[in-house]
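For reference, the structure is listed below as structure tokens.
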Amino acid sequence: MAFAMAPAKKRTARKKVEDKKVYLVHSDRLHYDQYQNGDAQVLNGHVHFRHQGADLYCDSAHFYDQTNSFEAFGHVRMLQGDTLSLTSDYAYYDGNDQLAQARYNVVLKHRKSILYTDSLDYDRLYNFGNFFEGGKLVDGSSVLTSDWGEYHTDTKQAIFYYDVQLKDKKMYMTTDSLFYDTQTSRAHIVGPSEIVSGTSRIYSEDGYYNTKSEQSELFGRSVISDQGRILIGDSVYHNAADGTNYAYWNVVYNDTVNKNMMTGDYCEYNDSTGYAMATKRAVTIDYSQQDSLFMHADTFKIFTFNIRTDSVYRKIHAYNKVRAYRTDIQAVCDSLVYDTQDSCMTMYKDPIIWNDGQQLVGELVKVYMRDSTIDYAHVIGQAFSTEQLHDSIHFNQISSKEMKTFFEKGEAREFQAIDDVLINYFHVDEEDSAITMMNHVETSLLRMFLKNRKMEKLWTNKAMCTYYPINQIPAETNPLPGFAWFDYVRPLNKEDIFNWRPKKAGTELKEIKRREPPRKMKRRNE
């Protein structure tokens with residue numbers, strides 16, 4: 001008789017049931033006291049629990065088997081692998097939620113980081129602890145304190161709130177909100193914060209600071225100040241180790257000691273070397289006088305020499321397309337250098353200076369300052385001084401190889417024209433302000449003394465003078481060779497310094513090659 005074999009049923013895999021039970025491993029003594037301790041097992045002496053990879057030790061405990069929890073007293077220790085330990089005087093542990101509530105002299109050690117507090121709740125499920133009665137995190141040389149905070153052992157991230165302080169060997173930070181990565185030693189600022197490092201002070205409400213590299217990445221109009229120098233930008237990068245600072249967009253660098261500032265969309269500054277640079281709509285502002293001087297160029301650079309000595313001095317380079325404006329003086333040139341050692345500003349390549357109705361041009365212009373006011377100006381090569389008269393048609397003109405102007409209290413006191421001097425000077429009737437004649441002068445030296453911006457005395461040597469009535473001036477005599485009135489180039493206000501307007505073609509200064517001095521003849525037997 002044949003029987004059909006029924007196919008065997010597949011065995012369904014049993015679900016692995018996670019064991020959440022807290023196990024008592026050891027206790028020297030165990031007893032019940034239902035009236036005093038309820039359902040708790042009272043444990044004394046070398047108490048040891050084990051729960052899901054963690055070992056918990058204490059001097060004594062109340063074990064609640066039904067709720068899978070216990071209270072631990074005296075020398076409480078929780079060890080999880082070889083990377084995390086938690087010690088305290090008291091703890092309550094809930095095995096179902098894997099939550100440890102440690103109190104009094106709490107110390108949480110995780111790798112190289114140590115957290116000290118008096119009240120800590122540590123969640124083993126989500127690997128983080130939070131304290132709420134003040135805490136201190138030590139990460140290498142960095143020490144963080146706050147009223148409330150969290151520490152995540154899986155991501156190594158710490159979060160601190162209220163009266164936060166971060167101290168390191170060379171810095172001190174105060175804030176109300178801070179995120180800190182113990183793995184990278186990187187602090188994230190998320191509220192009003194101040195960082196002090198040596199003489200440098202930083203204010204920021206959004207940024208990052210690395211305690212190991214001493215580098216900062218700051219945003220939202222953060223401010224760096226150092227001994228009267230202030231740097232502000234939408235984004236600022238600071239390296240305290242080598243003193244470098246980089247700022248981007250709407251940058252303001254203010255030297256409150258020397259009363260000048262630079263603005264632009266990119267700026268860098270080095271605390272150690274004193275080097276600074278600004279570009280992208282760069283402007284320097286000198287506010288040492290009652291009226292500020294505004295100057296624009298493609299790039300500004302500041303070089304500091306003998307820094308941190310009594311003989312410190314700086315050189316400021318501006319290039320290209322330099323334009324400057326102050327209500328009483330305006331200037332343009334291709335480039336310039338200002339040396340604080342001799343307080344001299346040198347203007348290169350087609351420089352032009354205007355003062356009220358006067359215009360001054362030359363191949364090279366040197367302006368010497370004293371106490372932030374002009375003391376002496378020297379025009380070298382193809383020097384030409386022009387003064388526009390009240391009718392805007394006639395111009396007093398002086399041309400020579402070089403010119404010098406000496407100032408007293410910011411006003412011109414003496415003017416000199418030297419070598420190959422040509423002068424066209426118009427006489428104005430004092431009664432009706434009519435222009436009556438022109439004096440044409442040829443000489444080798446002119447000295448003019450002024451008072452209240454008017455000529456007081458004039459001196460020349462071996463001059464040839466010719467007077468022409470206003471309607472009989474020869475065309476070849478007026479204007480003088482090289483005359484040009486550059487009113488279309490002149491900056492009109494402090495906003496106009498950004499608008500470069502070159503000279504018209506053919507009015508640029510012609511390059512004149514200078515004769516080289518003869519070489520010294522060598523002797524035959526040399």
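Index from 1, following the sequence.
Not counting sequence neighbours, the partners of Tyr266 by the ring-ring contact (aromatic ring centres under 6.0 Å, His included) test are Tyr248. For Tyr161, the ring-ring contact (aromatic ring centres under 6.0 Å, His included) partners two or more places apart in sequence, or in a different chain, are Trp148. Listed by chain and number, the residues in a side chain to side chain donor-acceptor pair (under 3.5 Å) with Gln101 amount to none (sequence neighbours excluded).
With 3.5 Å as the limit, one finds a donor-acceptor pair spanning the side chains of Arg124 and Gln80. Thr199 and Asp226 form a side-chain donor-acceptor contact under 3.5 Å, judged by distance and modelled atom types alone. Between the side chains of Asp89 and Asn105, a donor-acceptor pair is found at a separation under 3.5 Å. A donor-acceptor pair shorter than 3.5 Å cannot be found between the side chains of His296 and Asp298. Between the side chains of Ser142 and Asp168, at least one donor N or O lies within less than 3.5 Å of an accepting N or O. Between the side chains of Asp181 and Gln157, at least one donor N or O sits under 3.5 Å from an acceptor N or O.
When each of Tyr376, Tyr338, Phe407 is tested with Tyr368 by the rule ring-ring contact (aromatic ring centres under 6.0 Å, His included), just one qualifies, namely Tyr376.
Judged as a ring-ring contact (aromatic ring centres under 6.0 Å, His included), the pairs with a partner in residues 98-124 (not counting sequence neighbours) are, in order, His110-Tyr151. Among residue pairs with one or both ends in residues 304-327, those qualifying as ring-ring contact (aromatic ring centres under 6.0 Å, His included) are Phe303-His317, Phe305-Tyr313; sequence neighbours excluded.
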Distance-only criterion, 3.5 Å: show the donor-acceptor pairs between side-chain atoms of residues 231-244 and protein atoms not counting sequence neighbours.
residue	atom	partner	partner atom	Å
Asp234	OD1	Arg221	NH1	3.0
Asp234	OD2	Asn250	ND2	2.9
His238	ND1	Asn245	OD1	2.4
Asn239	OD1	Ala241	N	3.0
Asp242	OD1	Thr244	N	3.1
Asp242	OD1	Thr244	OG1	2.8

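Between Asp496 and Arg323 there is a salt bridge, with a side-chain nitrogen of the basic residue lying less than 4.0 Å from a carboxylate oxygen of the acidic one. A salt bridge links Arg50 and Asp55; the closest N-O separation between the charged side-chain nitrogens and carboxylate oxygens is under 4.0 Å. Ion pairing between Arg103 and Asp118 fails under the 4.0 Å rule for side-chain N and carboxylate O. Look at Lys366 and Asp342 and you find no salt bridge, because none of the NZ, NE, NH1 or NH2 atoms lies under 4.0 Å from a carboxylate O. Here Glu217 pairs with Arg186 in a salt bridge; the nearest charged N to carboxylate O distance falls below 4.0 Å.
A 4.5 Å side-chain heavy-atom check between Met369 and Ile374 finds at least one atom pair inside the cut-off. Counting heavy atoms from C-beta outward, Tyr32 and Val42 have side chains that stay 4.5 Å or more apart. At a threshold of 4.5 Å between non-hydrogen side-chain atoms, the residues Ile202 and Ser216 count as touching. You'll find the side chain of Ile285 stays beyond 4.5 Å of the side chain of Leu293, heavy atoms only. The closest side-chain heavy-atom distance from Val106 to Thr87 is not below 4.5 Å. For the pair Ser193 and Thr174, the minimum side-chain heavy-atom distance is 4.5 Å or more.
Between His188 and Phe179, the two ring planes are tilted [angle within 30° to 60°].
In this structure, Lys167 places its NZ atom where only 12 or fewer heavy-atom neighbours from other residues, nucleotides or ligands lie under 6.0 Å away. The environment of NZ in Lys503 is crowded: more than 12 heavy-atom neighbours from other residues, nucleotides or ligands sit within 6.0 Å.
Using modelled atom types, one side-chain atom of Gln359 and one backbone atom of Phe486 make a donor-acceptor pair closer than 3.5 Å.
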Let's go through His152 and Tyr126 carefully: what are the C-alpha distance in whole Å and the side-chain angles of both, what is the deciding distance for ring-ring contact (aromatic ring centres under 6.0 Å, His included) to 0.1 Å, and is it a yes or a no? CA-CA 8 Å; His152 295 254; Tyr126 296 97; 9.6 Å; no
Begin with the C-alpha distance, continue with both residues' side-chain angles, and end with the deciding distance and a verdict on side-chain contact (heavy atoms from CB on, under 4.5 Å) for Val190 and Leu178. CA-CA 6 Å; Val190 292; Leu178 183 71; over 6 Å; no
Could you walk me through whether Val47 and Phe63 pass side-chain contact (heavy atoms from CB on, under 4.5 Å), step by step? CA-CA 10 Å; Val47 180; Phe63 182 30; over 6 Å; no
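Residue Gly207 comes nearest to Phe219 through the heavy atom pair CA-CD1, 4.1 Å, listed as atom of the first residue, atom of the second, then distance. Smallest separation of non-hydrogen atoms from Ala278 and Thr263: CB-O, 4.5 Å.
Between Tyr64 and Phe70, the distance separating the two ring centers is not shorter than 6.0 angstrom.
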